[in-house]
Amino acid sequence: MQEFTKQAIEIMKSIPQGKVMSYGQVARLAGSPKGARQVVRILHSMSEKEGIPWHRIVNVKGEIAMQDHEGRYTQRTLLEEEGLAVEPGGKVSLERYQHFPEYQSKR
DNA sequence: ACGATGACGGAGT
DNA sequence: AACTCCGCCATCG
């Protein structure tokens, strides 16, 4: 497994409940600015087994990225259970919920 | 080992 | 502002 992958997993597992991060953001922090798709692949293959809170990952617009299948509904439900307001289109407010690990030290 | 894949992102139309 | 096009790069078959 590549360093990037380990980093990405750590970062995603560090997202607090009720917060979200975008694929690209995770990729950047993991050391690969253009690696958003690798994040997708990580979630695709090992989200469950690694215990990654996959539902807290949304695209850069704050929308649920999953295609319109059961997973999408599941993600929406999980987010709402964590207290997020999910709009009808399956979108949340990044203004309110995006998690910024790089600012955490400053706070 | 090589080519296809993918829950993306951002530049261009 | 919405939509399409294409680059990206770790994994998987």
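Quick note on labels: first sequence line is chain A, next is B, and so on, each numbered from 1. Only a predicted model underlies this, so the values are computations on that prediction, with no experimental measurement involved.
When every heavy atom of Glu63(A) is checked against every heavy atom of Val58(A), the shortest pair comes out as O-CB, 3.3 Å. Closest approach of Ile11(A) to Ala30(A), counting heavy atoms only: CD1-N, 3.6 Å.
When rounded to the nearest whole Å, the span between CE of Met66(A) and C1' of dG6(B) equals 11 Å. What separates CZ of Arg37(A) from C1' of dG10(B) is a distance of 13 Å, to the nearest Å. For the pair Ile57(A) CD1 and dC8(B) P, the computed distance is 12 Å after rounding to whole Å.
Here the side chains of Gln2(A) and Gln7(A) are not in contact, with every heavy-atom distance at 4.5 Å or above.
Of the listed residues (Gln75(A), His55(A), Lys91(A)), just one forms a side chain to side chain contact (heavy atoms under 4.5 Å, CB included) with Ile64(A), and that residue is Gln75(A).
Checking Arg41(A) against Gly24(A), the closest nucleotide of DNA chain B that is more toward the 5' end is the one next to Arg41(A). Along DNA chain B, the nucleotide nearest Val58(A) and the nucleotide nearest Gln38(A) are compared for position; the residue whose nucleotide lies closer to the 5' end is Gln38(A). Positionally, the nearest nucleotide of DNA chain C for Lys34(A) lies more toward the 5' end than for the other of Thr5(A) and Lys34(A).
For residues 5-19 of chain A, the pairs satisfying salt bridge (Lys or Arg N to Asp or Glu O under 4.0 Å) are Glu3(A)-Lys6(A), with sequence neighbours left out.
If you walk DNA chain C from 5' to 3' and mark each nucleotide with an atom closer than 4.0 Å to a heavy atom of chain A, the marks span dG7(C) to dC12(C).
Side-chain contact, Gln98(A) with Gln25(A): a donor N or O sits under 3.5 Å from an acceptor N or O.
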